[in-house]
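Heads up, the thing below is written out as C-alpha cells.
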Amino acid sequence: MPLNKEQIAKRIAQELQDGFYVNLGIGIPTLVANYIPEGVNVVLQSENGLLGMGPFPFEGEEDADLINAGKQTITTLPGSSFFDSAMSFGMIRAGKVDLTVLGAMEVSENGDIANWKIPKKMVKGMGGAMDLVAAAKNIIVAMQHTNPKGESKLLPKCSLPLTGVNCVRKIVSDLGVFDVTADGFVCLEYAPGVTIEEIKAKTAGKLTIAADVKEMTV
Amino acid sequence: MPLNKEQIAKRIAQELQDGFYVNLGIGIPTLVANYIPEGVNVVLQSENGLLGMGPFPFEGEEDADLINAGKQTITTLPGSSFFDSAMSFGMIRAGKVDLTVLGAMEVSENGDIANWKIPKKMVKGMGGAMDLVAAAKNIIVAMQHTNPKGESKLLPKCSLPLTGVNCVRKIVSDLGVFDVTADGFVCLEYAPGVTIEEIKAKTAGKLTIAADVKEMTV
Amino acid sequence: MNKVVANADEAVRDIPAGATLMLGGFGLCGIPENCIASLVKKGINNLTCISNNAGVDGFGIGLLLENKQVKKMISSYVGENAEFERQLLSGELEVELVPQGTLATRCMATGYGMPAVFLQAGYGTEVQEGKEVREFNGKHYLLEMAFDSDFAIVKAWKGDKMGNLVFKDTARNFNPLMAMAGKITIAEVEELVEPGEIDPNHIHTPGIYVHRIFQGKDYEKRIEQRTVRQRG
Amino acid sequence: MNKVVANADEAVRDIPAGATLMLGGFGLCGIPENCIASLVKKGINNLTCISNNAGVDGFGIGLLLENKQVKKMISSYVGENAEFERQLLSGELEVELVPQGTLATRCMATGYGMPAVFLQAGYGTEVQEGKEVREFNGKHYLLEMAFDSDFAIVKAWKGDKMGNLVFKDTARNFNPLMAMAGKITIAEVEELVEPGEIDPNHIHTPGIYVHRIFQGKDYEKRIEQRTVRQRG
C-alpha cells in the first residue's frame, strides 16, 4: 500500500536529528512536526520571522500578530526568537537551517525541483520557496510519486517552470525513499506492500535500486 | 585673529538645522556639540552604534558598555537607540545622516580629503572615516588652514593618501568659511581680523572670493 | 523636529498618483491598516506597491485593488485574492513576482545604502531572466537591485515621538526593512509614547529612518487562517 | 541540543593554531574577555584576528599580541597599542586595514549568505587597490567579499541556553554581526538564563547562529577614555 500523507510525514521525521533547525513547508511537510521522535529536540523555523514555532494556540488564545509562513495562528516556545524577513532568509542562505522539507510538483533526476507555477494557471507566486531551495544545505521533498493522472513526478527533466536547480537531495514519496545522486534517483526504501516493479514503472527519471534496499519502517 | 578651535566649532554649529541627524568626528568636530543653537534639536549619531548621544556621565556614573566612537564614556538621552555597526554604517550610506563634521589633514579644490595616513608614520587605520566621507550627503571639514610648518592644507591636489574623493562640500578653517565647488574653493566668510590677502596667501588650491564675502559671526 | 502627525490622512497627504509605495506586513499580519484606509479614501491611482502579499478580497491591499488604484504589484505571493486574479487575467494589473528572501533583502539593501546584492534564489529559473549571473566559490548568484521607493508605509506595535519603532512577534516581518527603505517613511503604531519610554536596547527601527508617525485606531488585525487546538 | 559549555577553556578547546577568528567588540567595549584569556593560556599562534581594534597594551587583543599569537590583524583602527606598532614595524605582524563600515558589512554578508557586497567606502583611495569597481546610478562602489572565519567569539550581556543573545548599549557593536558569521560561534555572556527568560522580541542574535555559550566571570570591562562632567 502506498503511504498516506501522515506516513510520509512520519518517515521524514526519522531524518530529524537532535539539535536540528528545520524549516517545514506547507502541506505534508507541516505534518512532520507531529512525528518528531522522542528525545530529539528540533527548532522549527518559520520564514516569516520566527525560530521555535510551537503548536496551534488554544481556542480563544489566537494572536493575529503571531502566525507562521502558512498564515496560520501559532504559538512560541521557551527560547523562541523573532526577527525580520531579511535575517530570516539570511540564516537560510548562510546554511544555518539544517533541514528544509517541502512539497514538489516535479523533481528531476539531477535534483531540479518545480513546485510553484503551472503554465496557463493563475500564478500565485513562489513565496519563499526559491530562496529555500537555492540555499538550504539539506532538502527533502515530500510528495506523491505520481500526479492525479498517474504520471510520474520523478522525471528525467522537469517539464514545469523550475523553482531551483540541482538542489533536492532526498525524496520521500508515497512509494518509497530516494536519494538524488549524480547518478539519478536511488531507491533506498520501498513502502510496505509496494513492489520494486511498481516503483520502476512509476519513475520516469533514471532510477537505480540500492543493493541494500529495504522495506520502510513507519 | 584666526579662530581658535572653539570658535571653529561654534561657526560650524550655525550650520545645524532643527531635526538634523549629525555625526561629529573626533577633535574639533566633537566640540560642535557644545554650541548647538537654542531651539535647534539635533540627534548625534555615534558610528559605534548609537543615535542620541548625550553628554559625558557624571563622575561615578560611567558605564564601560556606553561609549562613543572616540571610546569616551557618554550617556543617552530620551529617544536614544542602539544598533549594531552594520546598521550604523548602513544608515550613513543610505544618506539618513544629514551632516557629517570631521577633521582633515588636506582637502583638495575638487573636494578630495586626506585625513588618515601619513607615509612613513605608523598607520593607525581609517576607522569609520572612509565610510563617512564616501557616503555622507553633507560633509563639513573643520581644520586649521595651514599645517604647523605654515603650509596650506587647501590644495590643488592632496599629497597624502586619500580618505575619499570629491566629497567635501564645505570647510570651516581658522581663517574662514569656504564652499568646495566645481570651480574650486570659494571664500564665503573671513574670520574677524583676517584679511582676504592672508587667505589668498595661505590657500594653495584654486580660490575664488564670493562677491558677497563677509566677516564671520562667531 | 516634529515627526508626529495627527492621523493617517495627514500622513499620506502628499502621496501622488503614480507613486511607488512599500507596504509592510506578511499576509494580513502587521499591515498598515489605517494608512491603507486613507489611501483608499484619497483614491490616488497608478500606484506601484511593493508588498510581500496583496491582501485578501475586502481587506488589506485588497481594498486598493478593488478600488482600481494599483497599477503594479511587486510581491512574492498573491494567491489569496480573487479580485487580484481577475485584474491580472484581464490585463488591468501588472505583477512582478520576486522570491520572498530576495524581496526582503532588496528592501534591506536600500536601507543600508547598498545598490545591489548577489543572491542565490532563482538561479536557473525564470526569475533569472535579464539578470546578471555570477559565480562565487562554485555557487551561482543573481545580481538583484535595491528598491527605489518614494514612500514606505509600515505598522509597528509601539513607537515614540522621535520615530523609534518596536514590532511585536511575527508582525515584524518586512516592516523594519521597508521602514529603512522609504525616501519618506510613514509609521503607524498601536501605541505612541514619549521619547525615553522605550528601552533603547529594544528598539528595532531607529527613528532616523522614520519621517512621520501617528497612533492608529480601530485595528481589526484580521486573522487569515485561524488554527487552534483543543484543550486536553 | 546542548550548547552550554562550562567555561572559556572548554569553549575554545578545539581552536587550532593558524585559525581565523572574529573577535567582537569596539575598542575595549564588549570584548570577549574570558575567551581571550583562555586563548592566551592555550598559547596557539599564527592566528588571523578579524576585530575592529587590536586592544591596548596589556588588555584585550593586546594580550594575544604580547604573547606573539597573532600573525595577522584585520581591523579598521589599531592606534591604541604600542606593542602592535612594534611588531608591525619589525615585520612580525601583518595588518590589513578595512574601513569600519566595510568591516561590519562584510561580517553581516557572511551571516546573511551574501558572497560579496558593493560598498562606496574607499573608492578612489588605496583601499580600492585590486578590487573591482562598479558604477550604480552615477556612484562608484567597490566589490567587497564576505569574510570566511573559522570561529567567531562574541560577548553578550545576557544569553539563554539555546544561544539567544542580548547585547547592552554600545557593547553591541560588531558582536551580533560576527556572531552570525562564524562557522562556529562562541558566545560568552554576563548572565546565562533558561530559555524563555528573554522576551523573544528583545533577542538581538537568534540562537541558530550560536554554537557554544557560557557564563563568563570576573569581567573587568576596562574603560579606555574615562570622560565625565561635574555635577552642578
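All chains are named by letter (A, B, ...) in the order of the sequence lines, taking the proteins before the strands, and each is independently numbered beginning at 1. Keep in mind the model is a prediction, meaning the values are calculated, not measured.
Proximity to chain A (any heavy atom under 4.5 Å) is restricted, for D:His204, to the backbone atoms N, CA, C and O. The part of D:Lys3 that comes within reach of chain A is its side chain, from C-beta onward, which places non-hydrogen atoms under 4.5 angstrom from that chain. Contacts between D:Met108 and chain A at a heavy-atom distance below 4.5 Å are absent for every atom of the residue. In this structure, chain A has a heavy atom under 4.5 Å from the backbone of D:Thr110, while its side chain stays farther away. Within the 4.5 angstrom heavy-atom criterion, only side-chain atoms of D:Asn164, from C-beta onward, approach chain A. Within the 4.5 angstrom heavy-atom criterion, atoms from both the backbone and the side chain of A:Val97 approach chain D.
With hydrogens and angles disregarded, no donor-acceptor distance shorter than 3.5 Å links the side chain of D:Asn53 to the backbone of D:Gly55. Judged by distance alone, with hydrogens and angles left aside, the side-chain atoms of D:Gln128 form a donor-acceptor pair with the main-chain N or O of D:Gly124 at under 3.5 Å.
Top candidate by heavy-atom pairs under 4.5 Å with chain D, chosen from A:Ala94, A:Gly52, A:Gly95, A:Ala135, is A:Ala94. Highest contact tally toward chain D, considering only A:Leu77, A:Ile92, A:Leu51, is held by A:Leu51 [criterion: heavy-atom pairs under 4.5 Å]. Considering only heavy-atom pairs separated by less than 4.5 Å from chain A, the leading option among D:Gly113, D:Gly196, D:Pro200, D:Ala109 is D:Pro200.
When every heavy atom of A:Thr217 is checked against every heavy atom of A:Gln14, the shortest pair comes out as O-NE2, 2.6 Å. Pairing each heavy atom of A:Thr73 with each of A:Pro57, the nearest pair is O-CD, 3.3 Å.
Put simply, the side chain of D:Glu135 does not reach to within 4.5 Å of the side chain of D:Tyr141, judged on heavy atoms. Here the side chains of A:Lys5 and A:Leu31 are in contact, with some heavy-atom distance below 4.5 Å.
A salt bridge links D:Asp14 and D:Arg212; the closest N-O separation between the charged side-chain nitrogens and carboxylate oxygens is under 4.0 Å.
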